[in-house]
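We count ligands from 1, going down the list as the structure has it; atoms in each ligand are counted the same way. Atom set for the values below is all heavy atoms of this structure, side chains included, hydrogens, waters and symmetry mates excluded.
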Amino acid sequence: MVVKLNQILGKPKKKLGRPGEPKGKPRKTIKPTVTPRRRWLEVRTARRPHRTGVMLVGWGGNNGTTLTAALLANRAGLRWETKEGERRADWLGSLTQSSTLRLGQDADGRDVWVPLADVVPLLRPDDLEVDGWDISGLDLAAAARRNRVLDVEVQRALEPELRRLRPRAAAFDCGFVAANQQERADHVLGGTRAQQVRQLREDIRDFKQGKSLDQVVVLWTANTERFADLRPGLNDTADNLLAAIERDESEVASSTLYAVAAILEGTLLDDFVNYFRYVQCTFINGSPQNTLVPGCLELAERHGTHVVGDDLKTGQTKLKSVLVDFLVGAGIKPTSIVSYNHLGNNDGKNLSAPHTFRSKEVGNPQHGLRILAVVSPSVVSAHVPDPLPLLAPAQITKRNVVDDVVESNSILYGPGERPDHVVVIKYVPYVGDSKRAMDEYSAEILFGGRQTFVVHNTCEDSLLAAPLLLDLVVLAEFCTRVGFRDAAAGPAEEYVPFHSVLALLSYLVKAPMVPRGPVVNSLFRQRTCIENMLRACVGLGPDSNMQLEHKLA
Ligand code: NAI
C-alpha cells in the first residue's frame with residue numbers, strides 16, 4: 001500500500017511563511033510518499049550474561065574511584081551515617097538499575113511497570129569485575145581520598161578493599177593533555193607505542209584469565225585529550241593506523257592505543273552453551289576527543305569488536321536535549337542557549353588548557369561541531385598547535401547536541417538556521433567535584449514575545465557519571481548477546497550482530513557515534529530506542545502509547 005501524505009492532509013491552500021521569515025519567501029513544500037512495508041525479523045538473545053570485567057582507563061580518577069566504590073558498596077549492602085540520617089548504597093542515576101519500563105496493561109487497564117533490568121537478563125553489577133590503568137600509582141583508597149568525592153564514612157568503610165586495588169601502569173603522552181597532568185604521572189609505561197599496545201593487550205588478557213572472564217569492556221574515563229590530527233597515511237585506514245603505531249608516530253594519542261589494544265583483543269568466540277558467537281572485548285570512549293579515528297573504526301569493523309563514542313552525557317547536556325526537545329515539540333522556537341560551568345576537580349584542571357578545552361567544547365569533528373561559539377578558559381598553559389585547522393573541512397559537519405531536534409521542525413527553522421549556542425567552562429578549585437552549571441535558554445513565542453529560562457544546576461559530577469559508566473558496561477555486554485535475521489530467510493541464515501559502532505548506547509553519550517544514518521540527540525528518542533530494543537528481545541512490539549483500548553467508543 002502506498003500512501004501519499006498530501007492526499008491525507010490535503011493540499012495547502014496557500015504557501016505560508018515561517019515565523020520571523022521575510023514575507024514572500026516561499027516555504028518548502030514537503031511531499032513525502034509513505035510506503036508501509038511489513039518485514040518480520042527474528043531477534044535472538046542469549047539469556048546468560050557473559051562473565052564480564054571492566055577495565056577503566058583513568059581508574060584512579062574521580063569517575064574511576066567513584067564507580068569502583070559504588071560497586072563495592074552495593075555488593076556489601078553498605079550502610080553509613082550522615083548528618084541527615086542513615087544512608088544505604090544504591091544505584092540512583094542508573095538507567096539499567098533504577099529505572100522502569102512500561103510493559104503494558106493488566107486486565108483492569110492499569111499500567112504495568114517493571115524494572116528495566118528485568119525485561120531481559122542483564123549483567124548484574126555485583127557480578128562485574130573491575131580493573132584498570134592510571135598514570136598515577138596511588139592505590140584506590142588514596143586516590144579516593146585525593147579526589148574528595150566520597151563521603152568520609154564511605155571512604156573509611158571501603159578503605160581495606162580499595163587499598164588492595166592498584167592501577168596498572170598507563171600508556172601516556174603528556175602532549176595530548178594539559179601540562180599540569182604531568183605532576184601525577186608517576187606510573188607510566190615506557191617504550192614505543194607498539195610496545196605499549198602489546199603491554200595493554202597483555203594486561204587485558206591477564207585480567208581476563210585472572211578473573212576467568214568471557215568478556216572485557218575497556219572504558220576510557222581518563223583525562224580529555226586534545227584532538228589528534230587526522231591525516232591520510234596516519235590514521236585514515238586500519239592498516240595505516242597499525243603501521244603508524246609500529247613507526248611510533250607521535251600523533252597517535254594514548255587513548256587510541258587503548259582502543260586498538262581492546263579491538264585487537266576482541267576476536268569473535270563461539271559460545272557453545274548459547275549457540276552464539278560474541279566479541280570478547282568492547283571499547284568505550286567516555287571523553288570527547290577523537291580517539292576513534294577512522295582507522296580505528298575500520299579496525300573495529302574488521303574484528304567485529306564493538307566501540308562506543310563519545311563523552312559521557314551526565315547533567316547539563318541531558319537537560320539541554322530534553323528542554324530543547326520540549327520547546328521545539330511545543331512549536332516554540334529556541335533562539336539562544338548559553339551555558340556557563342565552573343568546576344574544580346582534576347577534569348576541570350586539565351580542561352584549563354586551551355587544547356583539551358577545545359575537545360570538550362567542540363566535540364569530535366568526525367561527528368561535527370557541537371558548539372557554535374567557544375570562549376577561551378581563563379588559565380592558559382603551554383602553546384600547542386590548534387588541531388582544528390588540520391582537519392578536512394568535510395569532516396566538520398557543524399552539527400550540535402540539539403541539531404536533530406532543530407532540524408526536525410522546518411516550520412520553526414529555515415535551512416541551516418539554528419540557535420546560537422555558547423559554552424563557557426572555568427576552573428575554580430574551591431568547588432571541587434561539585435560542578436555548577438548555569439544555562440540560559442531564550443525562545444521566541446507568539447507575537448514576537450520572548451521566553452527565557454534560567455537553570456542553575458549544582459551537582460557532584462562523578463556521582464552522576466559513575467552510574468552512567470555502569471550502564472554503558474551493562475548495555476554493551478547485552479549488545480554482544482543479540483542477533484537479528486530475516487524471519488523469512490530460514491534456519492540456514494546466520495544471525496547478524498549489532499554493527500561494531502554501537503549506536504544503541506546514544507542515550508549515555510554526548511556525541512553519539514553512529515555507523516550510518518542520522519545522529520539522534522533527542523533524549524526521549526534515545527531512551528525509547530533502548531526500551532523498544534529490550535521489548536523486541538522478548539517478542540513485544542514497540543510501545544505505541546496509543547492506548548486505543550481506552551479511547552474507542
Ligand atoms: P579525573 O581527572 O578525576 O580522572 C582522570 C584520571 O585519568 C586521572 O586519575 C588521571 O591520572 C588518569 N589518566 C590521565 N591520562 C591517562 C592515561 N593516558 N592512561 C591512564 N590514565 C590516565 O577526571 P574525571 O572527573 O574522572 O573525568 C574523566 C573523564 O570523563 C574526563 O575526560 C571528563 O571530561 C569525562 N567526563 C566526565 C563527566 C563527569 O560527570 N564526571 C561527564 C562527561 C565526561
Side-chain angles (χ1 to χ4, degrees), residues 55-69 93 131-140 142-144 146-150 167-178 180-189 193 196 199-200 203 218-226 252-259 261 284-289 291 309-318 341 343-353 356-361 363 401 425 427 432-435 437 457 459-469 472 508-511:
M55 295 190 86
L56 298 165
V57 190
W59 196 14
N62 286 24
N63 290 351
T65 49
T66 308
L67 174 65
T68 309
D131 200 307
W133 299 269
D134 206 289
I135 58 170
S136 157
L138 288 185
D139 64 64
L140 276 253
R146 175 193 56 193
N147 295 340
R148 296 188 291 133
V149 177
L150 302 170
R168 296 167 192 261
F172 180 61
D173 180 345
C174 197
F176 279 82
V177 293
N180 59 37
Q181 296 301 306
Q182 188 66 58
E183 300 155 18
R184 61 199 278 155
D186 58 8
H187 191 49
V188 298
L189 292 172
R193 282 171 170 71
Q196 289 176 11
Q199 182 56 51
L200 298 177
D203 291 343
V218 174
L219 204 170
W220 176 275
T221 180
N223 295 126
T224 299
E225 294 176 329
R226 69 165 171 84
V252 181
S254 306
S255 60
T256 301
L257 300 183
Y258 288 96
I284 301 173
N285 179 24
S287 301
Q289 73 277 335
T291 299
D310 293 321
D311 205 6
L312 307 170
K313 182 159 60 191
T314 44
Q316 197 177 33
T317 315
K318 243 180 197 154
N341 303 264
L343 73 165
N345 58 15
N346 186 53
D347 181 30
K349 188 173 174 189
N350 178 56
L351 292 173
S352 66
T356 52
F357 172 76
R358 187 122 177 130
S359 300
K360 196 75 179 174
E361 297 304 273
V401 288
I425 301 180
Y427 175 50
D433 200 53
S434 183
K435 182 174 166 183
N457 175 12
C459 186
E460 279 110 332
D461 230 12
S462 312
L463 299 183
L464 282 182
L468 237 83
L469 297 178
L472 281 164
L508 301 159
V509 287
K510 268 194 200 109

**Student:** Assess the residue pair Asn345 and Asn147 against the criterion (side-chain contact (heavy atoms from CB on, under 4.5 Å)); give the C-alpha distance rounded to whole Å, side-chain angles, the decisive distance to 0.1 Å, and a yes or no.
**Tutor:** CA-CA 8 Å; Asn345 58 15; Asn147 295 340; over 6 Å; no

**Student:** With nothing but distance in play, are any N or O atoms of Asp433 less than 3.5 Å from an N or O of ligand 1?
**Tutor:**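 No - when backbone and side-chain N and O of Asp433 are compared with those of ligand 1, no distance drops under 3.5 Å.
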
**Student:** Taking all atoms of both residues into account, what is the closest heavy-atom pair of Ile135 and Gln181, and its distance?
**Tutor:**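 Nearest heavy atoms, Ile135 then Gln181: CD1-O, 4.0 Å.
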
**Student:** Quick check for you: to the nearest 0.5 Å, what is the distance between Arg148 atom CZ and Asn62 atom CG?
**Tutor:**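 If we round to the nearest 0.5 Å, Arg148:CZ and Asn62:CG are 9.0 Å apart.
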
**Student:** Evaluate Asn63 for polar contact with ligand 1, using N/O atom pairs at a separation under 3.5 Å.
**Tutor:**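 Looking only at distances, the answer is yes, because the N/O contact criterion of under 3.5 Å is met.
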
**Student:** Could you please spell out the steps behind the side-chain contact (heavy atoms from CB on, under 4.5 Å) verdict for Thr291 and Asp310?
**Tutor:** CA-CA 9 Å; Thr291 299; Asp310 293 321; 5.6 Å; no

**Student:** Polar-atom distance check: Ala222 versus ligand 1, any N or O pair below 3.5 Å?
**Tutor:**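 Yes.
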
**Student:** Please check whether Pro288 reaches ligand 1 - meaning an N/O of the residue sits under 3.5 Å from an N/O of the ligand, judged on distance alone.
**Tutor:**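 Checking ligand 1 against Pro288, no N or O pair falls under 3.5 Å apart.
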
**Student:** Under the side-chain contact (heavy atoms from CB on, under 4.5 Å) criterion, do Thr68 and Leu56 qualify, and how do the steps go?
**Tutor:** CA-CA 10 Å; Thr68 309; Leu56 298 165; 4.2 Å; yes

**Student:** Might you point out which heavy atoms bring Ala171 and Gln196 nearest each other, and give the distance in Å?
**Tutor:**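 Taking Ala171 first and Gln196 second, the nearest heavy atoms are CB-OE1, 3.4 Å.
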
**Student:** With heavy atoms of Gly58 as the reference, note each atom of ligand 1 found under 4.0 Å away.
**Tutor:**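 Reading through ligand 1 atom by atom, the close ones are 6 (C), 7 (O), 12 (C), 20 (C), 21 (N).
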
**Student:** Are any of the heavy atoms in Asn223 under 4.0 Å away from ligand 1?
**Tutor:**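 Judged by the 4.0 Å heavy-atom criterion, Asn223 does count as contacting ligand 1.
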
**Student:** Give yes if a backbone or side-chain nitrogen or oxygen of Trp220 is under 3.5 Å from a nitrogen or oxygen of ligand 1, and no if not.
**Tutor:**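 It does not: no N or O of Trp220 is found under 3.5 Å from an N or O of ligand 1.
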
**Student:** Any heavy atom of Asp134 sitting closer than 4.0 Å to ligand 1?
**Tutor:**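 True for this residue.
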
**Student:** Look only at interatomic distance and state if Ser287 has a nitrogen or oxygen under 3.5 Å from any nitrogen or oxygen of ligand 1.
**Tutor:**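 Yes - when backbone and side-chain N and O of Ser287 are compared with those of ligand 1, one distance drops under 3.5 Å.
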
**Student:** Asn350 and Thr224: which non-hydrogen atoms are nearest, and at how many Å?
**Tutor:**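 Nearest pair, atom of Asn350 first, then Thr224: ND2-O, 2.9 Å.
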
**Student:** Tell me the closest heavy-atom pair linking Leu150 and Ala144, and the distance in Å.
**Tutor:**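 Where Leu150 meets Ala144 most closely, the heavy atoms are CD1-CB, 4.1 Å.
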
**Student:** Would you say Asn346 has any N or O atom under 3.5 Å from an N or O of ligand 1, going by distance alone?
**Tutor:**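 Between Asn346 and ligand 1, an N or O pair is found under 3.5 Å apart.
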
**Student:** Considering the heavy atoms of Ala465, write down every atom of ligand 1 situated less than 4.0 Å from one of them.
**Tutor:**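 Every atom of ligand 1 under 4.0 Å from some heavy atom of Ala465: 39 (C), 40 (O), 41 (N).
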
**Student:** Which ligand 1 atoms does Gly60 reach within 4.0 Å, using its non-hydrogen atoms?
**Tutor:**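 This gives 9 (O) as the contact atoms.
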
**Student:** Checking side-chain hydrogen bond (donor to acceptor under 3.5 Å, both in side chains) against Trp220, which of Ser255, Ser287, Ser254 comes through?
**Tutor:**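 Only match with Trp220 under side-chain hydrogen bond (donor to acceptor under 3.5 Å, both in side chains): Ser287.
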
**Student:** Report yes or no: does Val57 have a heavy atom closer than 4.0 Å to ligand 1?
**Tutor:**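 A heavy atom of Val57 does come that close to ligand 1.
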
**Student:** Does Tyr258 come within less than 4.0 angstrom of ligand 1, counting non-hydrogen atoms of the residue?
**Tutor:**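 Right, Tyr258 reaches ligand 1.
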
**Student:** In ligand 1, which numbered atoms sit nearer than 4.0 Å to a non-hydrogen atom of Ala170?
**Tutor:**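 Heavy-atom distances to Ala170 below 4.0 Å select 19 (N), 20 (C).
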
**Student:** Do you know which of Asp433, Thr66, Thr221 makes side-chain hydrogen bond (donor to acceptor under 3.5 Å, both in side chains) with Ser462?
**Tutor:**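 So, applying the side-chain hydrogen bond (donor to acceptor under 3.5 Å, both in side chains) to Ser462 and each of Asp433, Thr66, Thr221, only Asp433 qualifies.
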
**Student:** Testing Leu140, Leu138, Asp139 for side-chain contact (heavy atoms from CB on, under 4.5 Å) with Pro167, which one passes?
**Tutor:**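 The side-chain contact (heavy atoms from CB on, under 4.5 Å) with Pro167 is passed solely by Leu140 among Leu140, Leu138, Asp139.
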
**Student:** With a heavy-atom distance limit of 4.0 Å, tell me whether Asp311 approaches ligand 1 through its side chain, its backbone, both, or neither.
**Tutor:**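 The part of Asp311 near ligand 1 is the side chain, not the backbone.
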
**Student:** Only heavy atoms of Ala171, strictly under 4.0 Å: list the atoms of ligand 1 that pass.
**Tutor:**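 Close to Ala171: 17 (C), 18 (N), 19 (N).
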
**Student:** Numbering the atoms of ligand 1 from 1, which are under 4.0 Å from a heavy atom of Thr314?
**Tutor:**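 Close to Thr314: 40 (O), 42 (C).
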
**Student:** Report the C-alpha separation of Tyr258 and Asp203 in whole Å, then their side-chain angles, then the decisive distance to 0.1 Å, and conclude whether the side-chain contact (heavy atoms from CB on, under 4.5 Å) test is met.
**Tutor:** CA-CA 11 Å; Tyr258 288 96; Asp203 291 343; over 6 Å; no

**Student:** So is there a nitrogen or oxygen of Leu312 less than 3.5 Å from a nitrogen or oxygen in ligand 1?
**Tutor:**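 No; every N/O pair is 3.5 Å or more apart.
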
**Student:** Quick one: closest heavy-atom pair of Gly175 and Arg226, and the distance?
**Tutor:**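 Gly175 and Arg226 have their closest heavy atoms at O-NE, 3.3 Å.
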
**Student:** Is Lys510 in contact with ligand 1, taking contact as a heavy-atom separation below 4.0 Å?
**Tutor:**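 True for this residue.
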
**Student:** State whether the shortest distance between N or O atoms of Thr224 and N or O atoms of ligand 1 falls below 3.5 angstrom.
**Tutor:**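 Min N/O separation from ligand 1 is below 3.5 Å for Thr224.
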
**Student:** Tell me, please, which residues at least two apart from Arg184 pass salt bridge (charged side-chain N to carboxylate O under 4.0 Å, His left out).
**Tutor:**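 Salt bridge (charged side-chain N to carboxylate O under 4.0 Å, His left out) check on Arg184 returns nothing, list empty.
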
**Student:** Under 3.5 Å, N or O to N or O, is Arg184 touching ligand 1 that way?
**Tutor:**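 Indeed, backbone or side chain, Arg184 has an N or O that close.
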
**Student:** For ligand 1, is Phe176 a contact, meaning one of its heavy atoms is under 4.0 Å away?
**Tutor:**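 The answer is no: ligand 1 sits nowhere under 4.0 Å from a heavy atom of Phe176.
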
**Student:** I'd like to check which ligand 1 atoms, numbered from 1 as shown, lie under 4.0 Å from a non-hydrogen atom of Asn62.
**Tutor:**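 That gives atoms 1 (P), 3 (O), 4 (O), 25 (O), 26 (O) of ligand 1.
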
